[in-house]
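Below is one structure, written out as structure tokens; the observations come after it.
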2 protein chains.
Amino acid sequence: MTAPDYDQRIEHWKTALHQNGYRVTQPRLQVIRILAESEIPLTPQEIYQLSLGLDSPPGIASVYRTLEMLDDLGLIQQIHQPSGCHAICPAVEGHKHLLICTSCGQMRVVEGNEAVSEYIRMIEEQTGYQVEEHLLQLFGICQNCS
Amino acid sequence: MTAPDYDQRIEHWKTALHQNGYRVTQPRLQVIRILAESEIPLTPQEIYQLSLGLDSPPGIASVYRTLEMLDDLGLIQQIHQPSGCHAICPAVEGHKHLLICTSCGQMRVVEGNEAVSEYIRMIEEQTGYQVEEHLLQLFGICQNCS
DNA sequence: AACCTTACTGATAATAATTATCATTATCAT
DNA sequence: ATGATAATGATAATTATTATCAGTAAGGTT
Ligand SMILES: [Zn+2]
Ligand SMILES: [Zn+2]
Ligand SMILES: [Zn+2]
Ligand SMILES: [Zn+2]
């Protein structure tokens, strides 16, 4: 992230805090700066560890509180690493995508993923990345619940 | 899941345990049955809570151990709910997909998702679900790392 | 069917992550 | 500059996960 983009993001976030009645405090700024300048996703613990290098680092509780606030404001988002999460279901044979009802939790497997494969080939050309894995999960309302 | 499908999955899993030198024990069977008959993703804690209704329920440690084994055998997979995970990054404006390097962690935003929107429209027609949200994350190797 | 080896278990302690509590402090509108 | 109070740090409490270890049960052998 280039310097002006970085500064702009910080300003954007500070404005968002103001506009929503939150105070712009040192601990919050420290967390925000760490997030804004990182090129990789960070866990709360990692953010806290990084903050320890600063002058008067925030307490761990403030790191969590700040993240909750930023999440409420829609300024951050969760990254779901393939290794990370908790809920478990029987494995689907081969690579299929899952469709989960946000009302009843019912889950079904979606057939046919040529469209996605095509999309990924395009991404590879566009970015030079070699895409090895993907996570696609669809959330919605099933026929029962609607 | 219909009864024969259910029985078949149980048998499949028992066979997999045998073939990989694992013993088919009561605690493992209890966890396996709970997983096989659930229509919704479950957390380890939820599985444990459900097991408490059984005759001689497994200890919580055995629940975790069984899940680790099933994961090693590729019989279960993680579900990443939008609310669930830990790593955090600045939010991307609008809905974009993320491409994350599994080597250095570098992350970039992928432009253009018409292909995915089209795919989702197809899914909606096919399933009757009303898809409200989706999670698509691509994992691979960036140009630097390859 | 009884025996034997040892993988597996339950109970519990240890570790790690997250949230709650509360007296003190720093922000910011006035 | 002042004052009301939102926010903080320190710490306790809670929750989730992993490690330890003596006792148990699975399953091959006889
Ligand atoms: Zn996740
Ligand atoms: Zn439903
Ligand atoms: Zn796919
Ligand atoms: Zn890389």
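Reminder, nothing fancy here: chain letters follow the sequence lines and each chain counts from 1. Because the structure is predicted, anything quoted here is derived from the model rather than measured.
Here CG of A:Leu138 is found 10.0 Å from OH of B:Tyr129. Values are rounded to the nearest 0.5 Å. Separating the OG1 atom in A:Thr15 from the NE2 atom in A:His12 is a distance of 7.0 Å, to the nearest 0.5 Å.
Protein atom CE of A:Met69 is 15 Å distant from nucleotide atom P of C:dT19, rounded to whole Å. Taking atom CD of B:Gln45 as the reference point, atom C1' of D:dT18 lies 12 Å away to the nearest angstrom. Between A:His18 atom NE2 and D:dA7 atom C1' the separation is 14 Å, expressed in whole Å. Rounded to a whole Å, the CD atom of A:Gln26 is 6 Å from the P atom of C:dT27. For the pair B:Tyr64 OH and C:dG10 P, the computed distance is 15 Å after rounding to whole Å. Rounded to whole angstrom, the span from the CG atom of B:Leu29 across to the P atom of D:dA25 amounts to 15 Å. Distance B:Leu70 CG to C:dC8 P: 12 Å, rounded to the nearest Å. Here C:dA17 presents its P atom at 10 Å from CD of A:Glu46, a figure rounded to the nearest Å.
Looking at residues two or more places apart in sequence or on another chain, you find a ring pair (Phe, Tyr, Trp, His ring centres under 6.0 Å) between A:Tyr119 and B:His97. Residues passing the side-chain hydrogen bond (donor to acceptor under 3.5 Å, both in side chains) test with A:Tyr64 are A:Gln45, sequence neighbours excluded. In this structure A:Arg65 satisfies the side-chain hydrogen bond (donor to acceptor under 3.5 Å, both in side chains) test together with A:Ser62, sequence neighbours excluded. For B:Glu111, the side chain to side chain contact (heavy atoms under 4.5 Å, CB included) partners at least two apart in sequence or on another chain are B:Lys96, B:Val109. Scored by the salt bridge (charged side-chain N to carboxylate O under 4.0 Å, His left out) test, A:Glu68 finds no partners at all (sequence neighbours excluded). For B:Glu132, there are no salt bridge (charged side-chain N to carboxylate O under 4.0 Å, His left out) partners, not counting sequence neighbours.
Nearest-nucleotide positions on DNA chain D for B:Thr25 and B:Arg65 put B:Arg65 closer to the 5' end. If you find the closest nucleotide of DNA chain D to A:Arg28 and to B:Pro27, the one lying nearer the 5' end belongs to A:Arg28.
Among residue pairs with one or both ends in residues 118-131 of chain A, those qualifying as salt bridge (charged side-chain N to carboxylate O under 4.0 Å, His left out) are A:Glu118-A:Arg121; sequence neighbours excluded. Residue pairs meeting the salt bridge (charged side-chain N to carboxylate O under 4.0 Å, His left out) criterion with at least one member in residues 11-27 of chain A, sequence neighbours excluded, are A:Glu11-A:Lys14.
End-to-end axis angle for the helix from C:dA1-D:dT30 to C:dT30-D:dA1, using five pairs per end and rounding to 10°, comes out at 50°.
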Can you give me every donor-acceptor pair (side chain of residues 49-59 of chain A, partner residue at least two apart or in another chain, under 3.5 Å) with its distance?
from    : atom 1 : to      : atom 2 : distance (Å)
A:Ser51 : OG     : A:Tyr48 : O      : 2.7

Output a table of nitrogen or oxygen pairs between the protein and nucleotides 2-5 of chain D separated by less than 3.5 Å.
from  : atom 1 : to      : atom 2 : distance (Å)
D:dT5 : O2     : A:Arg23 : NH1    : 3.4
D:dT5 : O2     : A:Arg23 : NH2    : 3.4

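Within a heavy-atom distance below 4.0 Å of DNA chain D, the residues of residues 49-59 of chain A found are A:Pro57, A:Pro58, A:Gly59.
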